[in-house]
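As the structure is a computational prediction, the values presented were derived from the model and not from experiment. Residue numbers start from 1 in every chain, and the chains themselves are labelled A, B, ... in the order their sequence lines are given, proteins ahead of strands.
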Amino acid sequence: MENVYNPLYLPATMQIRSVADFPRAEEEILKEWEEKKIFEKVREKNRGKRRFIFLEGPPTANGMPHMGHALTRAVKDLVLRYKSMNGYEIYPWIAGWDCHGLPVEIEVEKKLGINSKREIEKFGVKEFNRLCRESVFKYRDEWIKMSKRIGFWIDFNRAYVTMEDYYIESVWWALKNIYEQGLLVKDYKVVPYCPRCGTPLSSHEVAQGYRETKDPSVYVKFKVKDEDAYFLVWTTTPWTLPSNLLLAVGEDIDYALVEYEGERYYIAKARIKEVLGEAKIIREMKGSDLKGKRYERLIPYVPVEHDAFYVTTADFVSTEDGTGIVHIAPAFGEDDYLLCKREGVPLIKPVNEEGKFTDTPWKGMFVKDADPHIIQWLKEQGKLFRKGTVKHTYPFCWRCDTPLLYYALDTWYILMSKKRDDLLRNNESVNWKPEHLKHGRFGNFLEDVKDWALSRNRYWGTPLPIWKCPSGHVFIPGSKKELLANVEGEIPEDFELHRPWVDDITVKCPVCGAPMKREPYLIDVWFDSGSAPFAQFHYPHENEGDFKNAFPVDFITEGIDQTRGWFYTLMAISTLVFNRAPYKNVLTLGLILDEDGEKMSKSKGNAVDPMDVMNNVGADAMRLYLYASPVWKSRRFSENLVREYMQRTIYTLWNVVQFFKKNAELDGYRGEIWEIRNELDMWLLSRLNTTIKDVRRYLDSYDIHLATRAIERFIDELSNWYVRRSRRRFWREEMSDDKRSAYTALFTTLRTLSLLMAPFTPFFAEIIYRETFGPKESVHLEDYPVADDGMIDERLEEEMNVAIRIAEAGRRARQIANVKLRQPLRMMQISCDDKYARIVEKFLDVLKEEVNVKDIRVGPISGMSQLSLRINYRSLGPRLKGDLKKVVEYLKGMDVEEVARKIRDGGLEILGHTLGPEDVEVYEKPLEGVQAVEVEGLPVVVYLDTNVDEELRLEGLAREIIRRIQTMRKEMDLDYDAKIRTRYEAGGSLKKAIERFRDYIMEETQSVSLDRLHVEEEEDKEGYHKDWVIEGEKISIWISPS
RNA sequence: GGGGCCGUAGCUUAGCAUGGUUGGAGCACCCGGCUGAUAACCGGGAGGUCGCCGGUUCAAAUCCGGUCGGCCCCA
C-alpha cells in the first residue's frame, strides 16, 4: 500500500453528510465507473489468469425485474467481485437473455387483441413472430438499469441471446446428438392441454392454474361378464367414460364382493364403509384375483377393434378415495396411457383438439359440458349407482381459465428415464448449497425422472429441426449450413431459424430424394436456457476452445424455483450430450417475502420495487441487508428493514470515517505508518486480520451471511469499543508516539476495510477507499486483502474480551449502587486468580476510565463473599442416573460450610454415592450488596467502593460543569479546536469545584480563561449565556470565542 | 395426493450434527446513564410453554414418532 493520504480527494458530489446522501453518492460513482471504464479495467487486469467460470441464468426480459431478481444479481455480483479481487478471470462474464416461449406470444396476442391459434395463423406467423422478437426486449432497459444500479458488473454488450440463429444452431446440434443416441423419439403422450389455446402447457404453467373447483362425482356400475355382479367405479370426469378401455385394481389391495340393496358389487374392502355404509360381504379376494375378469362395455359408441374391457392391476390404485377400482381411458390420463401401453391396448380418442366430441351422441359438444348429459344417459341405462359433486383442486389454463384436459397428443420427447443413473451419478459431483438439495429436492426429482415432453404446438420458439419424407426417412440438421445444403429451390434473403421460414422451405430427402416436411413443432423453451453452457459460445460451430475452457461451470446461482427448472435442464442436457455435470457449485436463493412474511405479488400490491429501495436507502444498504441472513432461506423484506440495518452497519462505519477525517485534518495526518505501541491498537489490528480470515473462509464456502456477520461484528467493535476508547488519544495537542500509533491503526483498518467490503458494498467501499488511499482509481482494481497471521494475537483478543466484560461489570455495580458514571470513585477491587489479574494490569488505564475510578486493585478479597455450590450434572448424571434428583435435593438441604469441608477432605457421601470436587464445585459468591458484581461466565468478581468523599464530589461537579460548557460550545457551533473565554457566576460547592479543578476544566473545554464574575459587572456579561442547576445549586455561564 | 425445507422474544437470528449447570445476541420497547462520532453511545429491565402432542433418557431447543402452520416443488 502506498502511504499517501489526501483528505481532499473525494469529489464534492460523493460527499456524504447524512443517511440520505448515500443513494446520490452511489449514482455519482456509477457515472464515474462508466466514464473511467473501471469494469473493463478490472477485466483487463485479470485477463489470462486462472479462470472462474460463471454462467448467467438468462432472464426473460418481457417482464419487469422484481426483488427476487435483485437478490440473484446482488449475490452473483458479490461472488464474482470476490473471485475477481482474488485474481481470477471471471469467464465469460457475459449476460444472457431468454427470448422464446408462450409468455412472449401471449404478450403479443394481447397487443393484437387476439387469443387463439386460428387468429394467429390468420394474422400471419411471420409478422406475429416479428412482433414477438420486438416484444422480447420490452423491459430489457429496465433490467439493465436495475442491474447496473445494484452494482452488478456483467457484460451486457456481449450478452448471449437465445433467439439468434447462432444460439439456435447450437441447440439443434445438441438435439441432433440426442436423436442420434436414439433418445429423441415421437410418441403419443398424455399432456396437460388447453383445448381453447390448442397447445399443451408446460408444467410450471399448469402449476400456476390449480384452484378449487366443483366437479361431478359419479359412481358407475360396470357389469361383470357372465356373472351377476358389477364393478363399482368412481370418477370425476364422466366425459372420459365413453373412452373407457380397462379397469384397474391394486394387486395387494383387499377387495370384497358385497350385497347391497339387492345387487352385488366388487369394491375395495377399505372403501365399503365410506361408499356403501352397511353391506353384506359375500366373498373376499385380493386385487390379483380379479385380474383378467371381463366386463361389458359401459358406453358402446366408439368403435374398438382390439381386445379390451378387462381388469388389470396397477400400482397407482389406492383406497384413499373412490372404490379401489379405477376406470382407465388412455387418451385422457398419463397413468391410463402408460398402463394401456403396457397392456398393448391402443387408445381411442373421440375428442378433437378443441375439446369437443367427434363421436357418440354428444358429438360437437365440449366435453365438460357433456358431463350432465352423460350422467343422464347412464341413469336411463341403469348404469349409474350414485351421483354427487366433489370439491377438489383442478388445473385451469392460467391464461383463459379453461379447464385443462389431460390429452394424448403426438409428442416428441426425450427418454430421460434411460439416463436416470447417469443423472444421479453426475449429481454426485455437484456441491449444492444448501447441501440438503443434493439428495433432497433435486436428488429425489432425479430418482424418478420423467421423460421430457419436448415439443410444443406454438409459434415463437426454437423450431424442432426434424424433417420427414413420405417414406419415413428422417433428416435432422445440426446447423444452418447443413439445413440449407439440403434445401431445394430458393432460400429467402431474410431466412432465419424460426417459423415460418423453416416450414416454408423444401428439403430434399438425402436418402430417397423425396420432398421432406418438417415436424411442425417448437421445442420447450427450457431446452434453450439449458443449452447455455455451449450455446452461448456457438459451440461446436465456433469457439471450441472457449467452450472447453468454460465447462463445466464453476458457479451458478438462481432462485430455489429453478431446481426443477434451469438447474434441471442444465443437468439434463449436459448429461445427455457430455455425460457430466454442467456445474460444480450451485447456490440456491430463497424467496423474498414482504414485511408480514407474505409472498410478494403484483396482484396483492405488496411487491417492493428494488429501484425504490435503492433510490431511497441505497444499493449498498440493500445488498448488505440481503447478504445478512442465509440467502437460501425465504426472508422478509422491506425498506424499513434495510434502513434499520444500514444504520448500524454502513452508517456506523461512516461515522468512524468522519471521526478519522476530522482528526486527520486537524493533525495534518497524511497516511504515515508508524510503530504500533498500544495494546488497543494491536487489538484492533488483530481483530481486523481475524475478520479478514473469517470473511475469506466463509465466502469460499458460499456462507455469505456468515461473512457478512463477521464484518458487522467488526464494525461494531471498531466503533463502539476501539474509537470510543481511543477518542481522547486523538485529541491531545501534539503528535505523541501514542497518537501516531492510533492513527496508524485506525488508518490501516479503514483502508483495509474498504478492500474487504468492496465485493459487498461496492459503492461505499469506493468512498472509503478514496478517503484513505487518495488519488487512486478504484478499490475494485485492488487485490482482496489477505490476513497477516503475524498481526493476529488470539490471546490479546481473548484478554480484551475479558477487559470489556470487567468494565461492564464495574458499570453494572455503579448502576446498582445508583452512582452515576460522571461521578469519579476511589476504588474498584477485583477478585480473581493470577491469570485475570495479569489482564487487569494490562488494561488498567482502560478499565479506570471506563468505570471512572481512581484506583483498581486485584487479588483475593475476604469478608465480602459467601461460599456457594455449583453442581456438575455432566459428571453426576451418568453415574447417579435416577438418584440424581434425590441427591441434589439432599445436597441443597445441607449446610454449605459442611459440604465444602467434606468435599475438601476427600469426599462427601450421600445416599450411598461419593461426591468429589469434580462433582460439586465450591466457590465464593458475593454477598447481596450494591458494590459486588460477578463477571458473567468468568471466575471474576468486582467490588466497587461507592463512597464519595469531598474531593471526589468536587471532581464530579467539575465534570458536570465541563459537560455543560461542552454543550454550549456545540450549541454555538464552534470548531473543535476553537478557543474560548469562559466566565461564570456561582457559589457554594460549584465555586469550590471550579477553584479546585480550574486547570482541568480549562483544558477540557479549551478555555483560555475561566473567571468568576460579580453580579455588578454587567458589562462583562457578554457572549453566549446559560443558567444551569447542578445538584440543586445554580450556576450561570458565559462563553465567547477568544 | 406425493416430496422437500422451515418453525427459537414483536422483528432478524445463534445454539441442534456430538443431549448436560440459568437458550445466547442485535433491532424495536421501558428505566437509568453519557454527551465534540450524536438520526449515535453505555448499563439495566421486560419480553421465550424453543409451533403442538407423545416417546427415548437421570437429563431434550437438540434424538425419535406423530401433528399443526408457513413456503417451495411435483401431481
Side-chain angles (χ1 to χ4, degrees), chain A residues 18-20 192 203-204 206-207 210 318 320-321 334-335 392-393 395 406 434 436-437 439-445 447-448 450 559-565 588 590-591 593 595 597-599 625 628-630 632-636 638 640-641 643-645 647-648 651-652 654-663 705 709 712-713 716 719-720 723-724 727 731 807-816 818-823 850 852 870-888 921 936 959 962-964 966-967 969-970 974-977 1004-1006:
Chain A
S18 75
V19 177
S203 52
H204 93 269
V206 177
Y210 275 93
S318 81
E320 298 275 326
D321 49 23
E334 194 183 357
D335 285 338
H392 63 163
T393 55
Y406 286 85
H436 60 77
L437 289 170
H439 296 120
R441 188 184 288 202
F442 194 73
N444 288 344
F445 185 63
E447 288 276 352
D448 52 27
K450 299 257 161 56
I560 180 81
D561 51 317
Q562 295 300 330
T563 317
R564 291 168 193 201
T588 66
L591 214 68
L593 308 172
E595 207 164 7
E598 303 256 351
K599 195 175 170 175
Y625 176 80
S629 48
W632 47 80
K633 283 175 84 167
S634 59
R635 275 126 4 108
R636 295 178 187 217
S638 77
N640 279 334
L641 290 167
R643 184 171 284 124
E644 220 170 61
Y645 187 68
Q647 250 164 37
R648 67 171 196 273
Y651 189 67
T652 302
W654 178 245
N655 281 330
V656 174
V657 174
Q658 291 312 295
F659 173 83
F660 166 78
K661 248 178 93 171
K662 275 182 193 164
N663 285 290
H705 63 297
R709 287 196 196 142
E712 188 186 327
R713 179 183 158 190
D716 182 64
S719 167
N720 293 329
V723 173
R724 191 160 63 81
R727 203 155 35 182
W731 290 349
E808 283 170 1
R811 282 191 298 258
R812 206 174 313 139
R814 276 180 167 275
Q815 177 113 356
I816 295 165
N818 204 14
V819 183
K820 57 173 121 174
L821 194 54
R822 214 182 287 124
Q823 175 62 59
E850 279 288 310
N852 194 15
R870 203 175 270 144
I871 296 156
N872 187 354
Y873 289 89
R874 202 191 277 265
S875 76
L876 281 176
R879 238 168 60 217
L880 272 56
K881 302 256 159 101
D883 282 350
L884 183 68
K885 275 182 189 154
K886 277 183 263 171
V887 170
V888 169
E921 189 194 338
E936 223 173 293
R959 288 187 62 163
I962 290 168
R963 203 214 95 203
R964 283 161 176 80
Q966 301 287 35
T967 303
R969 280 184 66 108
K970 207 171 149 191
L974 292 176
D975 283 344
Y976 289 88
D977 50 352
E1004 288 293 313
T1005 60
Q1006 310 215 49

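- Between the CD atom of A:Glu334 and the NZ atom of A:Lys450 there is a distance of 6.0 Å, given to the nearest 0.5 Å.
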Query raised in the report: Which parts of nucleotides 37-42 of chain B does protein reach within less than 4.0 Å, heavy atoms only, written one letter per nucleotide 5' to 3' as B for base, S for sugar-phosphate only and - for none?
Result: BSBSSS
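- Using P as the reference atom, B:C31 and B:G69 are 41 Å apart when rounded to the nearest Å.
- Spacing between B:C16 and B:C72 at atom C1', rounded to whole Å, works out to 23 Å.
- Closest approach of A:Leu641 to A:Tyr625, counting heavy atoms only: CD1-OH, 3.4 Å.
- Of the inter-residue distances, the one linking A:Leu591 atom CG with A:Lys633 atom NZ reads 14.0 Å to the nearest 0.5 angstrom.
- Taking the P atom of each, B:G33 and B:C53 are spaced 44 Å apart, rounded to whole Å.
- Distance A:Phe442 CZ to B:G4 P: 16 Å, rounded to the nearest Å.
- Per the geometry, OH belonging to A:Tyr625 stands 7 Å off P belonging to B:U13, to the nearest Å.
- B:C50 sits 12 Å from B:A60 when the P atoms are compared, rounded to a whole Å.
- With both ends at atom C1', the span from B:G65 to B:C74 equals 26 Å, rounded to whole Å.
- Between the CG atom of A:Asn444 and the P atom of B:G4 there is a distance of 6 Å, given to the nearest Å.
- Residue-level contact check: A:His436 touches the backbone only, with heavy atoms under 4.0 Å from sugar-phosphate atoms and none from bases.
- Rounded to whole Å, atom P of B:G7 lies 15 Å from atom CZ of A:Arg635.
- Taking atom CD on A:Glu644 and atom P on B:U13, their separation rounds to 13 Å, with Å as the unit.
- For A:Glu808, there are no salt bridge (Lys or Arg N to Asp or Glu O under 4.0 Å) partners, not counting sequence neighbours.
- Legend: residues meeting side-chain contact (heavy atoms from CB on, under 4.5 Å) with A:Arg643, ordered by chain and number and at least two apart, are A:Asn616, A:Val617, A:Glu639, A:Asn640, A:Gln647.
- Rounded to whole angstrom, the span from the NE2 atom of A:His439 across to the C1' atom of B:G4 amounts to 14 Å.
- Between atom NZ of residue A:Lys661 and atom CH2 of residue A:Trp654 there is a gap of 5.5 Å, rounded to the nearest 0.5 Å.
- Each of A:Ile560 and A:Gln823 was matched to the nucleotide of RNA chain B holding its nearest heavy atom; the match closer to the 5' end belongs to A:Gln823.
- Here the CG atom belonging to A:Leu437 is positioned 4.5 Å from the OG1 atom belonging to A:Thr588, to the nearest 0.5 angstrom.
- Nucleotides B:A25 and B:G47 are separated by 15 Å at their C1' atoms, to the nearest Å.
- For the pair A:Arg713 CZ and B:G26 P, the interatomic distance rounds to 12 Å; values are reported in whole Å.
- For A:Leu591, whose side chain is taken as the heavy atoms from C-beta onward, the closest listed nucleotide among B:C11, B:C71, B:C73 is B:C71.
- Partners of A:Arg709 according to the salt bridge (Lys or Arg N to Asp or Glu O under 4.0 Å) rule, which considers only residues two or more places apart in sequence or in another chain, do not exist here.
- For A:Gln966 (side chain) and A:Glu1004 (main-chain N/O), a donor-acceptor pair under 3.5 Å exists by modelled atom type.
- Across B:U12 and B:G51, the matching P atoms stand 14 Å from one another, rounded to whole Å.
- The CG-C1' distance, from A:Asp335 to B:A75, rounds to 9 Å in whole Å.
- Spacing between B:G24 and B:C41 at atom P, rounded to whole Å, works out to 23 Å.
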Requested in this report: Could you provide the dot-bracket string of RNA chain B, using ( ) for intrastrand pairs, [ ] for crossing pairs and | for bases paired to another strand, with Watson-Crick or G-U pairs below 3.5 Å?
Outcome: (((((((..((((......[...)))).(((((.......))))).....(((((..]....)))))))))))).
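- At a threshold of 4.0 angstrom between heavy atoms, the contacts of A:Ser629 are confined to the sugar-phosphate backbone, with no base atom among them.
- Taking A:Glu712 as the reference, A:Arg648 meet the salt bridge (Lys or Arg N to Asp or Glu O under 4.0 Å) condition, with sequence neighbours excluded.
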